[in-house]
Amino acid sequence: MANQSRAAAKSGIDPITFSVVWNKLQYLTAQIGEKVLYSTQSFVTALARDLGQSILDPRGKIVVAASAAPIHTMVAEEAIKGLESRFNGDYQPGDFIVANDPYIVRGGHLPDWNFVRPLFFEGEHLGFLQAKTHVSDTGGFLPGGYGAGAIDIIAEGLNVPPLKLMKAGVLQEEVWRLVLRNVRMPTELDMDTRLINGCMAHAEEQIGLLCRKYGLETVRACMREIVAAGERAMRAEIARIPNGTYEGASAADWDGQTDQPIWVRVKAIVEDDSLTLDFSGSDPQATFVNCPTGVTITSAMVGLFYLVDENVPKNGGAMNPIRFIMPEGTVVNPRYPATVGASQISVGTQIVEACMLAIGKALPDRAMAAWSKHLCPINIGTMPDVIDPRTGHPRNYFTETFGSDGGSGAVKGHDGWLGVGFQSACANLVRPNVEFFEASCPYLVTHYEVLTDWEGAGEFRGSPGSYVRFVARTQPGAMSLLMTGNSDGQRCPPAGVAGGLDGPLAQMTITAPDGQQRVLRTFVTQPIFPGEACDTRNAGGGGWGDPLDREPQRVLKDVRDGFVSEDRARDVYGVILSTRDWVVDDPATRRQRAGLRSRRSAGAP
């Protein structure tokens, strides 16, 4: 921030004041989320931290964004464009707006609601407070938003266009009752909506105090300079990439209907300090996995942010040097009323990967291998033996372990991180504890482990894979379903880079008490019966660099840690070990590696 403060001084802003205002805005953005986390009724929000917050200027440019899932923060600019298409600047102090329509606010699947509070100080419009999170329910033919098979976006769930739920501080009760009547958990949604508005109102008060202390125009000037700082930093990073056109591609398993991989293809065109990301080669729109343009833009930016300096501000200024070509009617820009239920996870993750792999070809020393995909069946159903005292009805549940998410791909100098989840979330989601999962649904988790030999090998290896087993303790005849519309990776492995190897393919199975086993595919909803066990084996991340260049002592440690077997150490990494006294046989390792390189040169598998 020191460089940005010096730049602010050149713009006539006191650098100390600039730094204080920037940090205060960043703090308040984070605090909105922290307060929501402590009181929310949505388990996905509370226990997985599936939310994000941003502050935007009156133009709708992101000034600061919380360190949270980017799909909930960087998408805010598209959300404000959607609001402006309805309200054209008609905002008052005390307004509070909700929306989730993916063809207006363009932010992803229907359970992820945008909450926006126009930001005012003494009647002057200063910008917008925005939060986005996965709410407890949003209607549709299945709970949770990840059920493949809806015929259109209307069947997928309740579509809420930008709606002033509060006008000048007054709740619009009739329209809100209509919304709540069309979701499965109205009390939870009502509580969370009021909670988020309250947290934003408090942040607005704090920003007002900032304006009183330093002056409204000073705060406005700081906000403009923060955005400008983001643009300067990103342009400087792009200028370091050699001019040229670089291509990348990644595919989702399928869309739940076509039984064909769904491809995202991008050309990254670098011209001095500008970058064009052209998705014209991507597949035509399908079902369920289509990405609204806000998801596409955000996911592409994530892929870029992975490869640039970490100090580049994550704001609207950093997005200014990027031009996006997203042909309508493709999976990166579907036409209404196509379904979008899996968009953030698939094809959003594939957009991240395609952009990252493309630009990584220009910057091999910065290239990052692909991460494991999200692979975690959602448990939905009814517990007829448990009566909810609030309603007098059997308890319904909608939950998941998040346990079998793998980890990150490798980069030069570092192995992949274990257990950080799928790539588009940037390691910002967390795993709920097993005890909560078991208390909230009739399942018992019996295995929660790291897998051996499930990494993408490399000079720097990808993270290990992960394994989870849970057993159904459901009642006979009770609705008990596993929904895998949030899961991916059975057909398309995490890609290695710079000579690193891909990770393996993911696996999901259901095993009956008599031992009979059936495959559980991604993008389906299937029953699970009492006593059956679901096993998920998720890949680790891809590798960076030639596995035969990995330091033998690192391979030895991986074998001792259980990440790599002795056989794989020999056959893939070319390292010969003595596991009796845990040492590397250096002469034998040199011979083994020479032999493997010779076989590789001869074209042997």
Side-chain angles (χ1 to χ4, degrees), residues 29 32-33 36 42 44-45 50-56 60-62 65-66 68-87 96-117 128-135 137-140 144-146 153 156-163 165 179 189 192-193 196 200 288-302 314-316 319 324 326 331-349 351-352 424-426 428-429 486:
T29 307
I32 293 171
V36 170
S42 167
V44 185
T45 303
D50 190 3
L51 82 164
Q53 314 82 238
S54 308
I55 296 177
L56 302 93
K61 298 298 295 182
I62 297 171
I71 192 58
H72 297 321
T73 59
M74 299 306 294
V75 76
E77 291 195 6
E78 292 301 301
I80 298 303
K81 290 176 185 176
L83 265 62
E84 282 293 278
S85 72
R86 290 297 190 268
F87 302 128
F96 180 63
I97 301 160
V98 299
N100 75 341
D101 192 314
Y103 292 94
I104 300 176
V105 292
R106 298 181 283 274
H109 71 166
L110 294 172
D112 285 351
W113 282 34
N114 291 89
F115 300 89
V116 178
R117 185 179 175 97
F128 301 90
L129 298 167
Q130 186 266 354
K132 183 166 170 275
T133 188
H134 189 121
V135 299
D137 189 72
T138 190
Y146 282 111
I153 194 66
E156 208 161 48
L158 182 65
N159 289 238
V160 182
L163 169 67
L165 183 59
V179 171
L189 178 59
D192 282 353
T193 301
I196 292 169
M200 287 182 169
F288 191 58
V289 299
N290 301 301
C291 276
T293 53
V295 179
T296 298
I297 291 169
T298 299
S299 301
M301 290 301 301
V302 170
K314 312 304 188 289
N315 64 22
M319 301 167 74
F324 300 91
M326 304 170 287
V331 291
V332 300
N333 183 9
R335 293 189 180 94
Y336 182 86
T339 52
V340 300
S343 55
Q344 287 96 319
I345 294 176
S346 306
V347 161
T349 293
I351 294 169
V352 175
S424 57
C426 299
N428 283 292
L429 302 186
N486 66 339

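Just the heavy atoms: all of them, side chains too, but no hydrogens, waters or symmetry mates, feed the values below. Keep in mind the model is a prediction, meaning the values are calculated, not measured.
- The CD1 atom of Ile351 sits 13.5 Å away from the CE atom of Met301 when rounded to the nearest 0.5 Å.
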Please assess Phe324 against Thr293 for the test side chain to side chain contact (heavy atoms under 4.5 Å, CB included), listing each intermediate value before the final yes or no.
CA-CA 10 Å; Phe324 300 91; Thr293 53; over 6 Å; no

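- Rounding to the nearest 0.5 Å places CZ of Phe128 at 11.5 Å from CD of Glu77.
- Paired with Asp101 under the rule side-chain contact (heavy atoms from CB on, under 4.5 Å), one option of Asn159, Leu163, Leu158 passes, and it is Asn159.
- By the 30° and 60° cut-offs, the orientation of the rings of Phe96 relative to Phe115 is parallel.
- Here the OG1 atom belonging to Thr73 is positioned 8.0 Å from the CG atom belonging to Asn428, to the nearest 0.5 angstrom.
- Heavy atoms only, all atoms of each residue included: Pro292 and Gly108 are closest at CG-N, 3.9 Å.
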Could you walk me through whether Ile345 and His109 pass the side chain to side chain contact (heavy atoms under 4.5 Å, CB included) test, one step at a time?
CA-CA 10 Å; Ile345 294 176; His109 71 166; over 6 Å; no

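- The distance between the ring centers of His134 and His72 does not fall below 6.0 angstrom.
- Between the side chain of Thr138 and the backbone N or O of Gly157, no donor-acceptor pair lies under 3.5 Å.
- The two atoms that bring Gly60 and Ile80 nearest to each other are CA-CG2, 3.9 Å, heavy atoms only.
- Between the side chains of Thr349 and Ser424, at least one donor N or O lies within less than 3.5 Å of an accepting N or O.
- Judged by distance alone, the side chain of Arg106 and the main-chain N or O of Ile104 form a donor-acceptor pair under 3.5 Å.
- No donor-acceptor distance shorter than 3.5 angstrom exists from the side chain of Asp50 to the backbone of Asp112, with no hydrogens or angles considered.
- Checking each of Val105, Asp192, Leu189, Thr133 against Trp113 for a side-chain contact (heavy atoms from CB on, under 4.5 Å) leaves exactly one that passes, namely Leu189.
- Atom CD in Gln344 sits 5.5 Å away from atom OH in Tyr146 (nearest 0.5 Å).
- Taking each heavy atom of Pro102 and Ile153 in turn, the nearest pair found is CG-CD1, 3.9 Å.
- In terms of modelled atom types and a separation under 3.5 Å, the side chain of Ser54 and the main chain of Gln130 share no donor-acceptor contact.
- Here the CZ atom belonging to Arg117 is positioned 11.5 Å from the CG atom belonging to Leu165, to the nearest 0.5 angstrom.
- Listed for the Gln53 side chain is no donor-acceptor partner under 3.5 Å among the backbone atoms of Leu129.
- For the pair Tyr103 and Pro337, the minimum side-chain heavy-atom distance is 4.5 Å or more.
- Of all heavy-atom pairs spanning Val340 and Glu156, the tightest one is N-OE1, 2.9 Å.
- Here the closest non-hydrogen pair linking Ala65 and Thr29 is C-CG2, 4.1 Å.
- Using a 4.0 Å cut-off between charged side-chain N and carboxylate O, Lys81 and Glu78 make a salt bridge.
- Of all heavy-atom pairs between Lys132 and Ile71, the closest is NZ-O, 3.0 Å.
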